[in-house]
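So the structure is just underneath, and the comments pick up after that.
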Amino acid sequence: MLSLQCLPPFFISVPNRSTNSCSTAPLRAVSDFAASPSTSISRRLILLRHAHSSWDDLSLRDHDRPLSKTGEADAAKVAQILSSLGWLPQLILSSDATRTRETLKSMQAQVDGFMEANVHFIPSFYSIAAMDGQTAEHLQNIISKYSTPDISTIMCMGHNKGWEEAASMLSGASIKLKTCNAALLQAFGNSWEEAFALSGPGGWKLEGLVAPDSSIFV
């Protein structure tokens with residue numbers, strides 16, 4: 001757990017909860033693994049909702065709406081915060097919507113470390129977020145597909161309501177993600193598949209929530 005004394009005001013560290021308050025479908029679970037945090041590798045998962053988008057051009061499809069100026073600034077702030085906390089992803093899996101692409105572009109322009117990550121744009125991240133209770137398992141499947149055991153930190157960028165549901169289901173906490181808010185989750189395993197299997201629903205530790213400013217609520 002990160003020390004509260006060294007955290008900026010826009011990061012709130014929260015306790016993990018053992019019960020799941022989000023009503024969603026169960027994740028696929030595997031019970032054949034036997035490992036402990038002391039002998040396996042920390043896996044850190046950033047679930048980031050895209051930054052604030054613009055509604056200036058009402059002729060655009062929802063998928064094609066760009067970021068607003070506020071969204072661009074917020075994305076840059078969150079990139080700085082994640083970098084200062086040491087949560088720089090090696091792998092970024094993102095919705096292919098314009099607003100998520102532009103959120104990532106603003107983060108990359110602000111912090112060079114985001115340029116070094118391997119990036120994949122996943123069209124299904126856009127559609128799955130609108131479906132009740134399906135995002136968490138879908139994230140697990142996509143992460144398992146693209147990850148390798150040497151990757152310790154992954155960022156998944158997408159949309160509500162799915163991102164809130166996934167963060168809540170994985171952590172067992174009731175999580176609200178405003179635009180450009182991120183949930184920082186941690187589990188242990190010698191692979192990402194093992195981390196998901198060992199933790200199961202509600203077993204990921206919620207290390208904290210990141211927002212562009214201090215107006216964040218848990």
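Count residues from 1 along the sequence.
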Just jot down the ring pair (Phe, Tyr, Trp, His ring centres under 6.0 Å) partners of [X], sequence neighbours excluded, or say none.
| X | answer |
| --- | --- |
| W192 | none |
| Y146 | H120 |
| H50 | H159 |

Any side-chain heavy atom of [X] sitting closer than 4.5 Å to one from [Y]?
| X | Y | result |
| --- | --- | --- |
| F188 | I41 | no |
| N181 | V210 | no |
| T103 | L67 | yes |
| C156 | I46 | no |

Got a list of side-chain donor-acceptor pairs under 3.5 Å for residues 147-154, not counting sequence neighbours?
{"residue": "S147", "atom": "OG", "partner": "I143", "partner atom": "O", "Å": "2.7"}
{"residue": "T148", "atom": "OG1", "partner": "D150", "partner atom": "OD1", "Å": "2.4"}
{"residue": "S152", "atom": "OG", "partner": "Q90", "partner atom": "OE1", "Å": "3.0"}
{"residue": "T153", "atom": "OG1", "partner": "R44", "partner atom": "NE", "Å": "3.2"}
{"residue": "T153", "atom": "OG1", "partner": "R44", "partner atom": "NH2", "Å": "3.4"}

CE on M107 to CD1 on I81, rounded to 0.5 Å: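 One gets 9.5 Å once the value is rounded to the nearest 0.5 Å.
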
Look up atom CD in E164 and atom OG1 in T135, then write down how far apart they are to the nearest 0.5 Å. 11.0 Å

Residues, nucleotides or ligands: over 12 heavy atoms within 6.0 Å of K161 NZ: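 Yes - once you tally the heavy atoms of other residues, nucleotides and ligands closer than 6.0 Å, there are more than 12.
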
Any chance CG of D64 has more than 12 other-residue heavy atoms, nucleotides or ligands included, within less than 6.0 Å?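 Atom CG in D64 is packed in, count exceeds 12.
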
So the ring-ring contact (aromatic ring centres under 6.0 Å, His included) pairs with at least one residue in residues 162-184 (sequence neighbours excluded) are F125-W163

D57 side chain to S59 backbone, donor-acceptor under 3.5 Å: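 Confirmed, D57 side chain pairs with S59 backbone.
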
Return yes if some donor-acceptor pair links the side-chain N/O of R49 with the main-chain N/O of C180 below 3.5 Å, else return no. no

Residues pairing under salt bridge (charged side-chain N to carboxylate O under 4.0 Å, His left out) where one sits in residues 91-101, two or more places apart or in two chains, turn out to be D62-R99

Just checking, is any N or O donor in the side chain of S124 or H138 under 3.5 Å from an acceptor N or O on the other one?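 Indeed, the side chains of S124 and H138 share at least one donor-acceptor pair under 3.5 Å.
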
